[in-house]
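Worksheet for the structure shown next.
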Number of protein chains: 2
Amino acid sequence: MTASINDVAQAVGVSASTVSRALRGRPGVSDEVRDRIAAVAAQLGYTASRSASSLASGRTYTIGVLVPYVGRWFFGTVLDAAEKVFSTAGYDVLLYNLGSPETRKRFFTKLPVRKRVDAVLSLLIPDDDESAALRSLGVPLATTVGGTRPGFTVVGIDDRAGTESAVRHLVNLGHRRIGMISGASGPLHWTTPIERRNAYLDVLAEAGIEHDAALEADGDYTVEGGERAMTELLAASRPPTAVFAQSDEMAMGALRALRRHRLKAPDDVSVVGFDDHELADVVGLTTVAQPVAEQGAEAARLLLRQLDEPGAEPPRHVQMPIRLVLRETTAPPRPRGPQ
Amino acid sequence: MTASINDVAQAVGVSASTVSRALRGRPGVSDEVRDRIAAVAAQLGYTASRSASSLASGRTYTIGVLVPYVGRWFFGTVLDAAEKVFSTAGYDVLLYNLGSPETRKRFFTKLPVRKRVDAVLSLLIPDDDESAALRSLGVPLATTVGGTRPGFTVVGIDDRAGTESAVRHLVNLGHRRIGMISGASGPLHWTTPIERRNAYLDVLAEAGIEHDAALEADGDYTVEGGERAMTELLAASRPPTAVFAQSDEMAMGALRALRRHRLKAPDDVSVVGFDDHELADVVGLTTVAQPVAEQGAEAARLLLRQLDEPGAEPPRHVQMPIRLVLRETTAPPRPRGPQ
DNA sequence: AATATGAACGCAAACGCTTGCGCAACAAGG
DNA sequence: CCTTGTTGCGCAAGCGTTTGCGTTCATATT
C-alpha cells in the first residue's frame with residue numbers, strides 16, 4: 001500500500017534504523033546520508049506509521065482531551081486553543097465527548113486512552129474514582145475547570161474575585177434585591193458553582209443585605225435553564241431588581257425571559273453574566289470576562305512542558321486574570337426615580 | 001506496567017490468540033473459556049493496546065475529523081453530534097483543527113492520519129490537491145459542508161431553497177432594497193456562499209428588483225465581519241431597508257452595528273440570518289434553520305455504514321430539510337408609514 | 001469400527017517501527 | 001606505528017497484537 005520504512009531504506013541503500021534516526025533528527029547519521037534519506041522519503045510520500053512507532057517507542061505523540069460538551073462555547077473555545085498548541089508541537093488530539101452519564105461511564109471503565117496518549121487534558125472534573133482511573137494511566141494530567149484534584153495541574157481563574165466584582169458592581173449601583181442564577185445541578189467535585197455562590201453570599205453580607213433564598217434559582221448552565229430560572233425569580237413575591245448569572249449563557253436566557261415578560265434590562269432588572277461569551281457584546285451584556293482560550297492554551301503548554309521535562313515537579317495551580325466588563329444590562333434600580 | 005495480553009493468557013492458562021479471540025467475540029472459543037478470560041481480563045484491568053492491535057490488524061477504530069474552527073458554534077455542534085455517533089459505535093475521534101493556512105498546509109503535506117484512521121469526516125472543503133491527498137488514504141470520506149467532491153459522500157442542505165425562503169420573506173414584506181452580507185472570502189471550492197448569492201440574485205430578479213452591487217458586503221462568517229459589513233452597507237448612498245446575512249453570526253454582527261448606529265431591527269432595517277444559531281432566539285433573530293447536529297450525526301452514520309459494508313456504493317449526496325423561522329428582526333419597511 | 005467433520009485451541013509469522021549493542025573506518029594523541 | 005576515541009552505520013531483538021494454518025480431540029456419519 002503506502003511506503004514503509006524499509007522501502008525508503010532500500011531505495012537509499014541504507015538500513016531501516018538509519019532511516020528512522022535520520023528522519024527523527026537523531027544523531028549518528030552523516031549529513032549527506034540524512035539529506036538523501038529526506039529526499040527519498042519526500043519523494044515516496046513516506047510517513048512513519050504512528051501505530052508502529054508508538055508500539056515500539058511507547059510514545060504516542062497524542063493527547064487525550066476530555067470534554068463534557070464540545071458544542072458549548074466555553075468548551076469549544078478551550079479545546080480550540082489547546083488543540084492549536086498541541087498540534088504545533090507535533091501532537092495529535094484524541095477527543096472524547098463525555099456529556100452524558102453513559103458515555104462518561106463507558107469511558108472511565110473501558111479507559112480507551114490506556115497506552116494511547118502521552119497526557120490528558122480534562123475539561124471536566126473527575127470524581128474520586130475517575131481521577132484515580134486517570135492517574136492509573138501514568139501520564140501527566142491537567143484540567144481547566146475549577147476544583148483542584150491530586151495529580152492534576154489545574155489552570156483556572158479566581159472565581160471568588162470574579163463574582164465579587166460582579167455582585168459588588170450591582171451593590172454599588174444601589175441594588176438591594178440581588179438574585180442569582182446558578183448552576184448547582186452539575187456533577188460533584190465541580191467547585192465553581194459553590195465558590196461563586198459563597199462569594200455572592202459574602203458580598204451581600206458585607207453590604208448588610210439579608211439573604212433571601214427565593215432569589216436563587218438553578219439555571220443548569222444553559223440558555224434554557226437561565227430562562228426558566230429568571231422566570232422563577234420573577235414569580236417571587238418580591239422579585240429582584242438585579243441578577244447575577246453564573247454564566248453568560250444563563251444570563252442570555254435570563255434576558256430572553258425578561259423579553260417574554262415585556263421587561264427590559266437594565267430598566268426593569270439589571271443582569272450581569274460571567275465568561276464574556278463571544279456574543280455577550282452583541283446583546284450588550286455586562287459580564288465578568290475570563291480568558292477562556294488562554295486557559296486552554298496554557299493548560300496545553302503546561303502539559304507539554306511536563307512531557308519535555310519528565311523529572312520536574314509540575315505546577316499545581318495557575319490562576320488567570322479576570323475583569324468586569326461593563327456594558328448595557330446594568331444600571332441603578334428604577335424605583336428611586338430616574339438616574 | 002499495565003497488563004498485556006500474555007499476562008491474561010498466562011493467568012487463565014490459555015494462549016494469547018485465544019484471549020484475543022475471546023475478548024473480541026470471535027468464534028473458536030468455548031463459552032466456558034470465554035467467560036474465564038473475560039473475568040480475568042476485568043480483574044487485571046486489561047485493555048488491548050490500540051497501537052499494537054491496529055498495527056497487527058490494520059484497523060484503527062479511529063476516525064479523523066477535520067474542522068476549521070472548533071470554537072465556532074456551527075462546527076462545534078456538528079462535531080459534538082458526530083463524536084457521539086462515533087464513540088457509541090466504539091470509534092475514537094482524532095481531531096484536527098485546521099483553521100489557519102499553516103496548520104492546514106502542514107496537515108495535508110504530512111498527512112498525520114495516514115495509517116491512523118479508518119475514515120475521515122471533513123468539516124472543511126478540501127481543494128483539489130487536498131482532496132486527492134485524502135483519497136490517497138484509501139478510506140471512506142465524508143463532509144457536511146457545501147460543495148460535493150469526488151470520492152466524498154456529502155450531507156448538507158439545499159442552500160438555494162434556504163436563501164430563497166429568506167429573501168422571498170423580505171420581498172413579501174415589501175422590501176425593495178435588500179442587502180446581503182456574504183462570506184465570499186473563504187477558501188475556494190466552498191460553494192455555499194456562491195449558491196446563496198445566486199439564489200439571492202434570482203429572487204431579486206424574479207421580483208423585478210434591480211440588483212445594486214453597493215448592497216453586498218463581505219462578512220467573513222464572523223460576528224465582527226458582519227458588523228463591519230453592516231456598517232459598510234449603512235454608509236451606502238441609499239442604504240438597504242433589509243438585509244439577508246448568510247450566517248447567524250454575521251447577522252448578529254449586523255444587529256450590533258445597528259445598535260451602534262442607534263438604529264433598530266426591524267424598525268429601521270430588517271435582518272434575517274441563516275443557521276438558527278443556539279442564541280438566535282435570544283436576540284429574536286429571524287433566520288432559516290438547518291439541522292446542524294443532525295447533519296453531523298448523519299455524516300457519521302454514513303461513514304460507519306461504509307466501514308461495515310466495504311463493498312456497497314456509498315450515497316453521494318444527502319440533503320436535510322431547512323425551514324424559515326420567523327422572529328422579531330423582520331417587518332415591513334418603514335417609509336410607507338406605520339404598519 | 002473406521003472415517004469424516006467440526007469445534008477449540010496453540011504456533012508462529014507478520015505488522016512497521018525503535019533502540020541497545022557491535023563493528024568498521026578513520027582521526028587524533030602518544 | 002600502535003593505541004584510544006569518535007563517528008556512522010547495520011543487526012537483531014523487541015513492542016503487543018492479530019490471524020492463517022495446523023493439531024488435537026470429541027462427536028457424528030457410514
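Proteins come first, then strands; the chains are lettered A, B, ... in the order of their sequence lines, and each starts at number 1.
- We find that B:Arg72 and A:Asp80 are not joined by a salt bridge, their nearest charged nitrogen and carboxylate oxygen being 4.0 Å or further apart.
- Computed from coordinates, the A:Lys115 NZ to C:dC17 P distance equals 20 Å when rounded to whole Å.
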Steps toward side-chain contact (heavy atoms from CB on, under 4.5 Å) verdict (B:Thr153, B:Gln306): CA-CA 10 Å; B:Thr153 115; B:Gln306 289 181 60; 2.9 Å; yes

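- Within residues 20-37 of chain A, the residues having any heavy atom closer than 4.0 Å to DNA chain C are, in order of number, A:Ser20, A:Arg21, A:Arg24.
- Nucleotide C:dC17 holds its P atom 5 Å from the CD1 atom of A:Ile5, rounded to whole Å.
- Ion pair A:Glu102/A:Lys105 not flagged as a salt bridge, since none of the NZ, NE, NH1 or NH2 atoms sits closer than 4.0 Å to an Asp/Glu carboxylate oxygen.
- With hydrogens and angles left out, the side-chain atoms of B:Ser15 and B:Thr18 include a donor and acceptor closer than 3.5 Å.
- Within residues 42-54 of chain A, the residues having any heavy atom under 4.0 Å from DNA chain C are, by residue number, A:Tyr46, A:Ala48, A:Ser49, A:Ala52, A:Ser53.
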What pairs of nitrogen or oxygen atoms, one from the protein and one from nucleotides 23-26 of chain D, lie under 3.5 Å apart?
none

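- The phosphate of D:dG10 has OP1 or OP2 within less than 4.0 Å of a side-chain N or O from A:Thr18.
- For the pair B:Arg104 and B:Phe108, the cation-pi criterion (under 6.0 Å, within 45° of the ring axis) is not fulfilled.
- Between the side chains of B:Ser131 and B:Arg135, at least one donor-acceptor pair of N or O atoms lies under 3.5 Å.
- When the C1' atoms of four end pairs are superposed on the next four at each end of the helix from C:dA1-D:dT30 to C:dG30-D:dC1, using five pairs per end, the two resulting axes differ in direction by 40°, to 10°.
- Checked for salt-bridge contact, B:Arg36 and B:Glu32 meet the test: a charged N lies under 4.0 Å from a carboxylate O.
- Across all strands, B:Ser17 comes closer than 4.0 Å to base atoms (heavy-atom distances).
- Taking the salt bridge (charged side-chain N to carboxylate O under 4.0 Å, His left out) definition, one finds that B:Arg26 meets it with nothing, sequence neighbours left out.
- When side chains are defined from C-beta on, B:Ile63 does not count as touching B:Val120, because their heavy atoms never get closer than 4.5 Å.
- Rounded to a whole Å, the CG atom of B:Leu55 is 11 Å from the P atom of D:dT18.
- Counted by atom type alone, A:Asp118 and A:Thr60 present one or more donor-acceptor pairs between their side chains at under 3.5 Å.
- Counting heavy atoms of neighbouring residues, nucleotides and ligands inside a 6.0 Å radius, atom CD of B:Gln10 does not exceed 12 of them.
- The side chain to side chain contact (heavy atoms under 4.5 Å, CB included) search around A:Ala81 returns A:Ala293, A:Ala297, not counting sequence neighbours.
- Taking only side-chain nitrogens and oxygens, B:Ser15 comes nearer than 4.0 Å to OP1 or OP2 of C:dG10.
- Remark: the B:Ser51 side chain and the A:Ser54 side chain contain an N/O donor-acceptor pair separated by less than 3.5 Å.
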